[in-house]
Amino acid sequence: MAKVLIVEDDEIIGQGMAQHLGAAGFDPVWVTKGEQGLARLRYEHPDVCVLDLMLPQKDGWSVIEAARADGIGTPIVVVSARGTEHDRVHALEIGADDYLVKPFSMRELVARVQAAARRGTRPQETRRGEPVEIEELRIDPDQVEAYVDGEPVGLTPTEFRLLYALALEHGRVVTRDELLQRVWGRRETRRDRTVDVFVRKMREKIDRRASHHTFIQTRYGVGYKLQPVPK
């Protein structure tokens, strides 16, 4: 029986999630504070974590960042009343695996948790390979950073994983579905724009700053490749 950690300070919502997940065959554990949730992630290794963002003291963002910094690969499904694109993208950038905006149906929550449980714990990063240098772009796995003309561009961990996945296939088009599986551990669904949003952010940080080349190229209708093209 898969264990699901629920971190939610609203008593009615927390009890409702625990009840529906239990009825679906999961073993739910419910806590109300971010510190409790992080401790459970560290020492109990649940199969899935359902995490609210607006928590007292240690908020959900801090829990995600601390968990991923500790190398905890438990899938994290965020549930939050904050539904802007910025909130959703930021949560995914720092390590969340899925995002549900309140109010949501309990059936959908159960389906999202089931999908996260099937994917399982995300593999921890084998990113300590050799640096990749392409023209004025340097990708350094040890620093989890990219440099353009010698200056760091300030990639988030997820942006770095996406860039490094493209770099390992230098010159080959990688489909959106491949990238979603490698970086986020899920398959592409209809109207899923996750990869496109992150590519846009990387282009702002890399292609706009580069002195002589653009690096992230689009194969329309298919995916992306990392290949220098003179400006």
Side-chain angles (χ1 to χ4, degrees), residues 61 64-65 67-71 73 75-76 78 84-99 119 121-231:
W61 290 284
I64 296 170
E65 290 175 326
R68 296 310 187 220
D70 286 353
I76 297 175
V78 168
T84 68
E85 180 182 276
H86 171 77
D87 290 320
R88 296 195 304 271
V89 170
H90 181 57
L92 293 169
E93 281 181 334
I94 62 177
D97 296 87
D98 204 349
Y99 198 110
R119 293 194 297 269
T121 300
R122 63 166 63 189
Q124 294 310 298
E125 315 217 351
T126 55
R127 63 188 182 201
R128 305 298 180 183
E130 294 297 318
V132 177
E133 295 193 28
I134 307 170
E135 301 294 345
E136 66 266 39
L137 173 65
R138 176 182 171 87
I139 304 168
D140 189 338
D142 281 335
Q143 300 302 317
V144 196
E145 183 59 285
Y147 300 82
V148 171
D149 293 317
E151 295 295 324
V153 301
L155 294 180
T156 67
T158 303
E159 288 168 354
F160 180 84
R161 289 196 297 270
L162 179 56
L163 180 65
Y164 200 58
L166 290 170
L168 292 176
E169 302 289 345
H170 181 200
R172 185 180 80 84
V173 175
V174 188
T175 68
R176 289 179 177 84
D177 190 49
E178 286 180 275
L179 291 169
L180 276 168
Q181 290 184 64
R182 292 186 192 184
V183 178
W184 287 273
R186 68 171 191 264
R187 300 300 300 267
E188 185 177 20
T189 57
R190 186 169 177 265
R191 296 182 179 177
D192 191 331
R193 310 306 295 175
T194 302
V195 173
D196 303 313
V197 169
F198 277 83
V199 166
R200 184 174 72 242
K201 294 167 76 69
M202 288 198 305
R203 280 177 169 153
E204 291 173 356
K205 294 180 177 181
I206 295 173
D207 286 352
R208 288 189 179 182
R209 298 185 188 186
S211 54
H212 301 298
H213 298 84
T214 60
F215 290 93
I216 304 167
Q217 314 303 331
T218 302
R219 177 73 160 83
Y220 289 102
V222 181
Y224 299 95
K225 66 178 177 179
L226 191 69
Q227 186 172 43
V229 172
K231 287 187 173 180

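- Side-chain atoms of Thr158 come within 3.5 Å of backbone N or O of Leu92 as a donor-acceptor pair.
- Using a 4.5 Å heavy-atom cutoff, the side chains of Val132 and Tyr164 are in contact.
- Contact record, Gly154 with Glu145: N-OE2, 3.1 Å, taken as the closest heavy-atom pair.
- Taking all atoms of both residues into account, the shortest heavy-atom contact from Ala165 to Leu179 is CB-CD2, 4.2 Å.
- For Arg172, the salt bridge (Lys or Arg N to Asp or Glu O under 4.0 Å) partners at least two apart in sequence or on another chain are Glu169, Glu178.
- Inter-residue side-chain proximity for Thr175 and Leu180 is flagged as unmet; no heavy-atom pair is nearer than 4.5 Å.
- Residues Val78 and Asp98 form no side-chain contact, since every pair of their non-hydrogen atoms from C-beta on lies 4.5 Å or further apart.
- Under a 3.5 Å cut-off, the side chain of Asp97 and the backbone N or O of Ile76 do form a donor-acceptor pair.
- By the 4.0 Å N-to-carboxylate-O rule, Arg209 lies too far from Glu151 to be salt-bridged with it.
- Annotation: ring pair (Phe, Tyr, Trp, His ring centres under 6.0 Å) contacts of Tyr224 (sequence neighbours excluded): none.
- The backbone N or O of Tyr147 sits nowhere less than 3.5 Å from a side-chain atom of Arg138 that would complete a donor-acceptor pair.
- Residues Lys231 and Thr214 form a side-chain contact, since some pair of their non-hydrogen atoms from C-beta on lies under 4.5 Å apart.
- Here the side chain of Lys225 pairs no donor or acceptor atom with the backbone of Arg219 at under 3.5 angstrom.
- With Gln227 contributing its side chain and Gln217 its backbone, the two residues share no donor-acceptor pair below 3.5 Å.
- For the pair Asp207 (side chain) and Met202 (backbone), a donor-acceptor distance under 3.5 Å is absent.
- The two atoms that bring Ala146 and Leu137 nearest to each other are CB-CD1, 4.2 Å, heavy atoms only.
- Ion pairing between Asp196 and Arg176 holds under the 4.0 Å rule for side-chain N and carboxylate O.
- Interatomic distance, Thr194 OG1 to Glu93 CD, rounded to the nearest 0.5 Å: 11.5 Å.
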Next on the checklist: Using side chain to side chain donor-acceptor pair (under 3.5 Å), reason through Glu136 and His213 one step at a time and then give a plain yes or no.
Outcome noted: CA-CA 8 Å; Glu136 66 266 39; His213 298 84; 2.8 Å; yes
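- Taking the six-membered ring where tryptophan is involved, the planes of His90 and His86 are essentially parallel, since the angle between them stays under 30° and well short of 60°.
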